[in-house]
> 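One structure, as structure tokens, below. Some questions next.
Numbers restart at 1 for each chain; the letters A, B, ... are given by sequence-line order, proteins then strands.
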Amino acid sequence: MTLAARIIPCLDVKDGRVVKGVNFVDLRDAGDPAEQAAVYDAQHADEICFLDISASHEGRGTLMDVVRRTAERCFTPLTVGGGVRAVEDVRALLLAGADKAAINTAAIKTPDLIDAASAKFGAQCIVVAIDAKAVAHDRWEIFTHGGRTATGKDAVAFAIEAVERGAGELLVTSMDRDGTGAGYDIALLHAISSRVRAPVIASGGAGGLQDLVDAVKLGGASAVLAASIFHFGRHTLAEARAAMKAAGIDVRPL
Amino acid sequence: MNVTVIRTGLSNLGSMVRALEECGAAVRVAEKAGDLDDAARVVLPGVGAFPEAMARLERDGFADALREHARRERPLLGVCLGMQLLADEGEEMGGAKGLGLVPGKVVALKVAEAGERLPHMGWNDVRPRGRSPLMRDTPDGGDFYFVHSYHFVPDDPADIAATTPYCGGFVSIVARGATFGAQFHPEKSSRAGARLLANFLAA
């Protein structure tokens with residue numbers, strides 16, 4: 001085996017609670033992100049991702065508690081994104097137990113934050129999250145605020161800049177595909193992964209197991225992030241791993 | 001089994017403490033250098049950049065306390081950056097001296113094969129070289145979680161306890177006497193990681 005492609009279940013968290021419910025049985029509290037993360041940990045998720053969509057200050061405080069409780073019971077890496085605006089926010093997440101912090105809007109608005117956070121904590125724990133929409137053939141623009149706000153920034157050019165500034169990883173989400181289950185935007189993934197040396201996480205659109213395979217084989221992604229195909233029991237992590245292995249992708253031998 | 005985990009300031013200790021507790025250890029967190037005086041075993045975790053982490057260890061007195069701990073041949077495990085800090089020096093961000101407990105230096109990983117990306121991030125093989133007490137009874141094809149851009153190059157090949165096939169192959173475990181270093185994160189490496197921590201607790 002060589003470096004394994006990672007399968008990353010992602011939970012959207014608001015005010016300390018999971019936004020989209022998960023159909024797991026045997027959970028004492030199905031809305032508690034730490035509980036759900038523990039289930040994915042038991043299924044050998046390669047990493048777990050929380051994306052915080054809390055708007056309020058109180059919500060952020062609750063998130064820290066969630067991260068702390070998750071890190072104390074999950075012995076697998078945890079990435080947390082959403083609302084990271086300053087170096088201090090990254091520090092708070094890492095101290096709470098996140099292994100990596102994902103910076104989204106703030107990295108677009110203030111790219112210097114990438115340099116500062118990377119110098120302080122090391123590139124390995126700085127993920128830059130890029131939400132992109134196709135605006136022409138083979139051209140994607142970065143959008144913020146859940147896809148509502150256009151930034152005028154070219155996604156591929158910014159991806160290159162982010163890695164040069166010290167991003168250790170890129171979380172690339174297609175806003176066109178997010179929530180559709182129509183598959184990842186393979187052209188977007190390929191356009192970025194072929195131009196940066198850092199690993200790329202595919203996000204937005206996974207609807208079936210072949211989508212995971214395509215993201216790695218055709219899109220050049222090092223990891224696949226998905227929410228609903230795992231949350232709603234459509235597929236287990238073991239099925240995802242088996243499908244990728246059958247397609248000739250290196251996965252963790254379990 | 002008692003084990004002391006050093007609070008290095010930049011890193012979260014929750015996962016490490018809990019993982020050690022899962023292995024049956026009584027864990028104490030060292031807040032100051034004096035806490036190492038009577039420590040049977042010490043874990044040095046690490047996140048961040050080499051020069052800043054080393055400056056903190058020197059400033060807080062942990063560096064000398066760790067050297068004394070190693071001189072007494074008491075078990076020490078450095079994890080990730082904590083492993084790298086065992087070296088004589090590191091070249092990251094202009095360079096800095098390390099603890100000097102395992103002779104060698106820390107240099108940047110360099111891509112050797114098409115498709116390799118940096119940082120080296122994710123689950124990869126750890127292949128024991130010789131009889132490595134840390135790797136005893138770890139699952140076959142034992143995979144561990146890595147996230148790093150630099151790697152340890154020991155001066156003495158006898159200090160190499162395991163390697164990992166990435167960027168031409170790098171040293172993923174060093175062992176010199178009772179001093180050990182793991183480039184990966186055992187506390188984030190599920191069952192294989194728990195096994196390795198249990199092995200350290202038995203060392």
> Find the one option among B/H148, B/E187, B/M121 whose heavy-atom pairs under 4.5 Å with chain A are most numerous.
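Looking at each of B/H148, B/E187, B/M121 in turn, B/M121 comes out on top.
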> Using non-hydrogen atoms only, which part of A/T76 is less than 4.5 Å away from chain B: side chain, backbone, both, or neither?
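Both backbone and side chain.
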> Where the side chain of A/R197 meets the backbone of B/V111, is there a donor-acceptor pair that is under 3.5 Å apart?
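Not confirmed, A/R197 side chain does not pair with B/V111 backbone.
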> Under 3.5 Å, is there a donor-acceptor pair between the side chain of B/R18 and the main chain of A/F75?
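Absent.
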> So which residue, A/A5, A/A119, A/C125, ends up with the most heavy-atom pairs under 4.5 Å with chain B?
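Of the candidates given, the most pairs with chain B belong to A/A119.
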> Which bit of A/T70 comes within less than 4.5 Å of chain B, counting heavy atoms only: side chain, backbone, both or neither?
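Contact with chain B involves no heavy atom of A/T70 at all.
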> With a 4.5 angstrom heavy-atom cut-off, could you sort out which part of B/H185 is near chain A: side chain, backbone, both or neither?
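Nothing of B/H185, per the 4.5 Å heavy-atom cut-off to chain A.
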> Any Lys/Arg nitrogen of B/K188 or A/E47 sitting under 4.0 Å from an Asp/Glu carboxylate oxygen of the other?
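A salt bridge is absent here (no side-chain N lies under 4.0 Å from a carboxylate O).
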> So, the side chain of B/W123 versus the backbone of A/R6: is there a donor-acceptor pair under 3.5 Å, distance only?
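A pair under 3.5 Å: no.
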> Looking only at atom types and distance, does a side-chain atom of B/S15 sit under 3.5 Å from a main-chain N or O of A/E72, one as donor and one as acceptor?
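Answer holds: no.
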> Can you tell me which portion of B/E22 sits under 4.5 Å from chain A's heavy atoms? Options are side chain, backbone, both or neither.
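Contact with chain A is through the side chain of B/E22 alone.
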> Give, as side chain, backbone, both or neither, the part of A/D99 having an atom under 4.5 angstrom from any heavy atom of chain B.
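Only the side chain of A/D99 comes within 4.5 Å of chain B.
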> Where on B/S189 is there a heavy atom nearer than 4.5 Å to chain A: the side chain, the backbone, both, or neither?
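Contact with chain A is through the backbone of B/S189 alone.
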